[in-house]
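Contents: one structure, followed by commentary.
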Amino acid sequence: MSSVSIIGVGNMASALAARAVAGGNIVEIIGRDPAKTKEVAAALGGATVGTAGTAPAGDIVILAVPYASAAAVVSEYGDALAGKVIIDISNTFNADATGLVTPDGTSGAQEIAKAVPASAHVVKAFNTVFGHVLAQGRPLDVFFAGDDARSKATVSAFIESLGLRPLDVGGLEMARWLEGVGPLLMGLARHGAGTFNLALGVDLRG
Ligand SMILES: NC(=O)c1ccc[n+]([C@@H]2O[C@H](COP(=O)([O-])OP(=O)(O)OC[C@H]3O[C@@H](n4cnc5c(N)ncnc54)[C@H](OP(=O)(O)O)[C@@H]3O)[C@@H](O)[C@H]2O)c1
C-alpha cells in the first residue's frame, strides 16, 4: 500500500486515483479549484482533499498536469516536495502529435527533475497509457524510467497495486524515449489502429 498525492483533477488524475483507491492505497487529490477538487474526491470515495501549494501528504506525488504547467506547479510547491517520489506522467508532444516540444538530448522528466528539491526523485511513468483506457480497469503494461533505485521500487509496487504490470526501461535519460511513445500511440490510433481504444504492451516470454 502506498500513500499518494495527485496534483491535478483532470482525466489522468481521475483515472489514476480511481485505480489507486481500488488498489487499497491512501489517496489525496490536490487541485487549484477547491470546489472541483472536492467533487472529484467525493466521486472517488475514499480520497482526501489536499491544499494546493502546501506539503502533499503522500510519499508519492503524481504530477497530473499538462507539461506546459509542470514547471510552474513544481516551483509553486518548492521545498514542500522535499523527499518525495515524484511521478511525471506528462506527454510532451506538439499540437499535431508528430514531434516533441523538448529539445534533443533532454526530456520533460529531466527538465522537471532539475526543478524539484535535491532530495526528491523523479520517475517517468504512465505517459504511455491513455487515460480513458486506464479508466476501463483492464490490465496494462506501464513503462517507467528513473535514476533512484528506491524510488523506482516504490513506483513499481504502486503500479502493481493498480493491477498493472510495471516495466522498467532504465534511467531518467530514457524518459525521452518514453515521451516519444506519445506521438507513436497517437499516430497508431489515427492511422493503423483507427481507434484510441488501444494500449501498448510487451510480449514477455522469458
Ligand atoms: N489524457 C491522457 O490520455 C493522457 C495519457 C498519458 C499522459 N497524459 C498526461 O497527463 C497529464 C494530465 O493530462 P489530462 O488528460 O488529465 O489533462 P486534463 O484533463 O486537461 O487535466 C489537467 C489538469 O491539470 C490542472 N492544471 C493545469 N495547469 C495547472 C496549474 N498551473 N496548476 C495547477 N493545476 C493545473 C488542471 O486544472 P483545472 O482542472 O483547474 O483546469 C486539470 O485538473 C498531462 O501531462 C498529459 O500529457 C495524459
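When a ligand or atom number is given, it counts from 1 through the structure's own listing order. Residue numbers start at 1 and run along the sequence shown. Everything numeric here is computed off the predicted structure, so don't read it as measured data.
Separation of atoms CD1 (I62) and CD1 (I7) is listed at 10.0 Å; rounding is to 0.5 Å. T106 contributes atom OG1, which lies 4.5 Å from atom NZ of K114 (distance to the nearest 0.5 angstrom). How far CD1 of I112 is from CD of Q110: 10.5 Å, rounded to the nearest 0.5 Å. To the nearest 0.5 Å, the span separating CG on D141 from CG on L200 amounts to 8.0 Å. The distance from the CG atom of D168 to the OG atom of S156 is 7.5 Å, given to the nearest 0.5 Å. Remark: S107 OG to D88 CG distance equals 7.5 Å, nearest 0.5 Å.
Scanning the protein heavy atoms around atom 23 (C) of ligand 1, the nearest turns out to be A64 O, 3.6 Å. When hydrogens are left out, the protein atom nearest atom 47 (O) of ligand 1 is N91 N, 2.9 Å; that is the closest non-hydrogen contact. Of all protein heavy atoms, the one lying nearest to atom 17 (O) of ligand 1 is N11 N, 4.5 Å. Summary of contacts: the protein heavy atom closest to atom 6 (C) of ligand 1 is V129 O, 3.3 Å. Scanning the protein for heavy atoms near atom 2 (C) of ligand 1, the closest one is G131 N, 3.5 Å. In this structure, the protein non-hydrogen atom closest to atom 43 (O) of ligand 1 is V9 N, 2.8 Å. Nearest to atom 25 (C) of ligand 1 among the protein's heavy atoms is V65 CG1, 3.9 Å. Protein heavy atom closest to atom 28 (N) of ligand 1, with residue, atom name and distance, is S69 OG, 2.9 Å.
Residues L16 and L134 are in side-chain contact: their nearest non-hydrogen atoms beyond the backbone lie under 4.5 Å apart. Using a 4.5 Å heavy-atom threshold, the side chains of F143 and K124 count as separate. For the pair Y67/N91, no side-chain contact is recorded, criterion being any heavy-atom separation below 4.5 Å from C-beta on.
Against a heavy-atom cut-off of under 4.0 Å, Y67 is close to the following atoms of ligand 1: 45 (O). Under a 4.0 Å criterion applied to the non-hydrogen atoms of N127, ligand 1 contributes the atoms 6 (C), 7 (C). Contact atoms of ligand 1 toward K36: 38 (P), 39 (O) (distance under 4.0 Å to a heavy atom of the residue). Less than 4.0 angstrom separates some heavy atom of F126 from each of these atoms of ligand 1: 6 (C). Which parts of ligand 1 touch F130 is read off a 4.0 Å heavy-atom cut-off, strictly below it: atoms 3 (O).
At least one donor-acceptor pair under 3.5 Å links the side chain of R165 to the backbone N or O of V202.
Considering I89, T128, I62 only, the shortest heavy-atom separation from atom 7 (C) of ligand 1 involves I89. For the residues H132, M12, R32, the heavy atom positioned nearest atom 4 (C) of ligand 1 is part of M12. Residue G10 holds the heavy atom nearest to atom 18 (P) of ligand 1 of all those in G10, G182, G8.
Residue G31 comes nearest to A52 through the heavy atom pair O-CB, 3.7 Å, listed as atom of the first residue, atom of the second, then distance.
Contact annotation for atom 20 (O) of ligand 1: protein absent (non-hydrogen atoms, distance under 4.0 Å).
Residue-level proximity to ligand 1 for A72 is absent, since no heavy atom of it falls below 4.0 angstrom. Only the side chain of V73 comes within 4.0 Å of ligand 1, counting heavy atoms alone; its backbone N, CA, C and O stay farther away.
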